[in-house]
Structures are given as structure tokens and as C-alpha cells.
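I have placed the structure first, in the form of C-alpha cells, so that the comments after it can refer back to it.
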Amino acid sequence: MTQAAGPDCRGTYHNDFRLSITKALGDQLAQALTYLGRAPLAEQYLASLDERPGVYQLYLHGAFVYVGKADESLPGRLANHLQKLSGRRNIDLSDVTFSCSYVDEDFSALAPERLLISHHKEVGSIPWNNNGFGNKDPGRQRDSTVLRKNHFDVVYPIDLDRPVEDLEPGQISLSAFLKALKNGLPYNFRYAEPPRSKSTFLTVSQAGLSADEAFQMVSETLPEAWQVAALMGYVIMYPDSPHDYKSAWRYYRSGRVVETEPEASPEEITQDDLFHASE
């Protein structure tokens, strides 16, 4: 006797079998990280890590906020995050911890961070993923973007009181000074080279110059059409004064500091937005 086929036209002797290997791998990887302790995101703890690829998770006040992958060096990637967070307001580095797991090269090709993102999508949220935290310089075309109110740069804007690293007292050309700013700040400084920058000189009177003081000095040397604009997540300098940027909160124009209220969209980045890029 032959049993009738089901509504999907499958019979009793043939049917579909689906095995979600990627889900199983993601669940197992997440479980392995769950069993690990957490260390402060600090140089002495990163120094004990092997220079190997792997995945990691970040926590703020003990709450899970970010998952990422290091293709070559876990300590190197985590050091980048440490530097970025050190230049932000509204966050204390002592509240940030991490856990990590080394992965083999073959497994790395399976994008293990996406496996973890898919796993956490089912059980909760990851506030910093695809929310601006891991972004590099977004480029000139994004400078006028209005950020959503829970974007990383809105919640944790850059700190202009942060001292510029490795900037020694003495006379220095404007061109070299701008390069020193770009290399000595934990957030991006993008700029166009101003005219006569190699023949214009500034005098650094003391070590520990803050970014705010440095940008004021720069603006004093620039032609009137130039300005430095501190946006929520980075600083830019172009000959476009008095153009206003929607996410700017401070301008430096001809040596003057101009405070402004940055715009932010009342909408929030949702979990669907967060995970869309990973699917």
C-alpha cells in the first residue's frame, strides 16, 4: 500500500533534510567564549595574548556589547579598540572588558564573527556591532550625515581635551604639525593640505598640548576660507568656512572657537539594522 504524498509533494520514502552546520558552529563558539573569564581592556592584558587570529567579545559594565574578528593578530586588533575608546567621552576604560578565542586559519575563512553575530541575534542584542564602533574613516561624502541618536559617535563623542601624543615643545612647520596631530590622536583627523604649509611655522610651548589647543593654533595660521570642524566621531579641515556640518559640535575659525549643537536623528538603529549587514 502506498501512502499519499504530503501537501509539499514529498512522499514517505523521500524528503528534504537540512543540517545547519553554520548554526551549530556559531552556537559552539559562543558557548566556548561564555566559559572564559573576562580581562580588562588594558595594555598589560593584551601583552599576554598570542599574535594569532581569532574572535573576541567586548563588555561594558559587564554587558555584552561587541563581537569582532582579528584576521592576523588578536592583541593588535584589541589594541586598536583600546586606542579608539581612550579618545571618547562618556566612557571609562576601567568599565570595558574582553574575552577572546584563537581560531585556526581554516575556520577563520568561515567568518566566525558572523557565526557569533547570528547566534546572538537569536538571544539578544549587540549594541556596538554595525553601529559605528568598528568603522574607520567614512569618507568625505559622509561628513554631512545626520547620525541616529544611538549611534556610537553620538553616545560616545570624541574627547578634544585628550593630549596629543609625541608632540614635543619647539618650532615646527604647519605641515609637520598636521601630521603629528593625525598620528597623535586616538580618532581620525582628515584634512586638505593648506597653502604654504611647509613654510608656515608654529611654536609648541609645552608638552601635553590638548587637541583643542592644537586645533586653535592651526586655525590661527589658516586663510579665512579655511576651518577645522570637530564632528561627533572625528575631525576634518577644509577650505569651506563657514559651511556647517550637521554632526559638528565645535568649529575652529581664524583662531576662534565656535560651539554648536550637533543634530541627531530621533530614530534609533534597530536590531534589524545591526544584523542586516551580516546576513
Side-chain angles (χ1 to χ4, degrees), residues 40-44 46 58-61 63 65-66 68 77-98 127-128 131-138 142-169 177-191 202 204-220 227-238 244-253 255-264 269:
L41 187 65
E43 292 181 1
Q44 62 266 38
L46 301 186
L58 298 181
Y59 305 83
L60 178 63
H61 299 293
V65 293
Y66 187 78
R77 182 62 174 158
L78 288 166
N80 290 339
H81 292 322
L82 173 60
Q83 181 185 38
K84 180 169 185 173
L85 291 171
S86 71
R88 297 291 172 145
R89 293 178 286 159
N90 305 332
I91 192 167
D92 190 329
L93 282 175
S94 64
D95 296 325
V96 183
T97 56
F98 76 94
W128 291 1
N131 196 27
F133 172 67
N135 292 354
K136 297 182 180 180
D137 185 6
R142 299 293 297 275
D143 291 346
S144 298
T145 300
V146 176
L147 304 177
R148 300 193 197 183
K149 68 178 183 180
N150 62 335
H151 189 280
F152 183 84
D153 291 341
V154 175
V155 181
Y156 308 105
I158 59 173
D159 182 8
L160 291 173
D161 292 329
R162 170 69 185 259
V164 183
E165 295 182 3
D166 301 324
L167 186 59
E168 299 297 330
F177 190 77
L178 293 172
K179 291 178 181 177
L181 282 179
K182 187 173 183 66
N183 295 329
L185 291 172
Y187 39 81
N188 190 53
F189 171 41
R190 176 170 21 91
Y191 62 92
L202 302 84
V204 180
S205 59
Q206 61 184 21
L209 198 70
S210 71
D212 180 67
E213 294 168 328
F215 288 129
Q216 286 188 58
M217 290 176 57
V218 168
S219 69
E220 291 174 355
Q227 68 176 354
V228 179
L231 309 185
M232 302 296 284
Y234 53 100
V235 181
I236 58 176
M237 186 183 83
Y238 292 106
D244 291 331
Y245 293 91
K246 296 183 184 298
S247 65
W249 60 283
R250 184 173 295 172
Y251 295 97
Y252 302 87
R253 295 167 175 161
R256 296 180 296 107
V257 176
V258 180
E259 302 285 352
T260 186
E261 186 69 27
E263 294 184 34
I269 299 175

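Numbers here are sequence positions counted from 1. All values below were derived from every heavy atom in this structure, side-chain atoms included, with hydrogens, water molecules and symmetry-related copies excluded. A quick note: this is a predicted structure, and the numbers were derived from the prediction, not measured.
For the pair Thr97 (side chain) and Pro40 (backbone), a donor-acceptor distance under 3.5 Å is absent. Between the side chain of Trp249 and the backbone N or O of Leu231, at least one donor-acceptor pair lies under 3.5 Å. Of the possible polar contacts, one joining the Asn90 side chain to the Val155 backbone as a donor-acceptor pair under 3.5 Å is found. Side chain of Asp153 to backbone of Gly132: no donor-acceptor contact under 3.5 angstrom is found. A donor-acceptor pair under 3.5 Å is formed between the side chain of Arg162 and the backbone N or O of Ser86.
Closest non-hydrogen pair, Gly233 versus Tyr187, comes out as O-CB, 4.0 Å. Across all non-hydrogen atoms, the minimal contact from Ala264 to Lys149 is CB-CA, 4.4 Å. Residues Ser144 and Lys246 share a closest heavy-atom pair of O-CD, 3.6 Å. Annotation for Glu263 and Val146: closest pair OE1-CG2, 4.1 Å, computed over non-hydrogen atoms. For Met232 against Leu147, the heavy-atom pair with the smallest separation is CB-CD1, 4.3 Å. Contact between Gly255 and Ser219 at its shortest, heavy atoms only, is N-OG, 3.0 Å.
Side-chain atoms of Lys182 and Tyr191, non-hydrogen and from C-beta on, do get closer than 4.5 Å to each other. At least one side-chain heavy atom of Leu85 sits under 4.5 Å from a side-chain heavy atom of Phe133. Residues Leu185 and Ile158 are not in side-chain contact: their nearest non-hydrogen atoms beyond the backbone lie 4.5 Å or more apart. In this structure, the side chains of Asp143 and Tyr234 come closer than 4.5 Å at one or more pairs of heavy atoms. Residues Lys136 and Asn188 have side chains not in contact (no heavy-atom distance under 4.5 Å, counting atoms from C-beta outward). Considering only heavy atoms from C-beta on, Leu167 comes within 4.5 Å of Phe177 through its side chain. Leu178 has its side chain within reach of Phe189: a pair of non-hydrogen atoms, C-beta onward, lies under 4.5 Å apart.
For Tyr245, the ring-ring contact (aromatic ring centres under 6.0 Å, His included) partners at least two apart in sequence or on another chain are His243. The side-chain contact (heavy atoms from CB on, under 4.5 Å) check on Asn183 picks up nothing, with sequence neighbours excluded.
Residues Tyr252 and Asp212 bring a donor and an acceptor atom of their side chains to less than 3.5 Å of each other. Checking Ser94 against Asp92 by side-chain atom types alone, a donor-acceptor pair falls below 3.5 Å.
Enclosure of atom CZ in Arg89 by more than 12 non-hydrogen atoms of other residues, nucleotides or ligands within 6.0 angstrom is indicated. In Glu220, the CD atom is crowded: over 12 heavy atoms of neighbouring residues, nucleotides or ligands sit closer than 6.0 Å. In this structure, Glu261 places its CD atom where only 12 or fewer heavy-atom neighbours from other residues, nucleotides or ligands lie under 6.0 Å away.
The cationic atom of Arg88 (NZ for Lys, CZ for Arg) does not lie both less than 6.0 Å from the six-membered ring centre of Trp128 and within 45° of the ring axis.
Atom-to-atom distance recorded for Leu46:CG and Arg77:CZ is 13.0 Å, nearest 0.5 angstrom. Atom OG of Ser210 and atom CD of Gln216 lie 7.5 Å apart (nearest 0.5 Å). Atom CD of Gln83 and atom CD of Glu43 lie 10.0 Å apart (nearest 0.5 Å).
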- Query: Yes or no on ring-ring contact (aromatic ring centres under 6.0 Å, His included) for His81 and Phe98, after CA distance, side-chain angles and deciding distance?
  - Reply: CA-CA 11 Å; His81 292 322; Phe98 76 94; over 10 Å; no
- Is there a salt bridge (Lys or Arg N to Asp or Glu O under 4.0 Å) between Arg253 and Asp244 once you walk through the steps? CA-CA 12 Å; Arg253 295 167 175 161; Asp244 291 331; 3.2 Å; yes
- Give the C-alpha distance, both sets of side-chain angles, the deciding distance and a yes or no for side-chain contact (heavy atoms from CB on, under 4.5 Å) between Val164 and Phe215. CA-CA 11 Å; Val164 183; Phe215 288 129; over 6 Å; no
- Please step through side-chain contact (heavy atoms from CB on, under 4.5 Å) for the pair Asn131 and Tyr66, ending with a clear verdict. CA-CA 10 Å; Asn131 196 27; Tyr66 187 78; over 6 Å; no
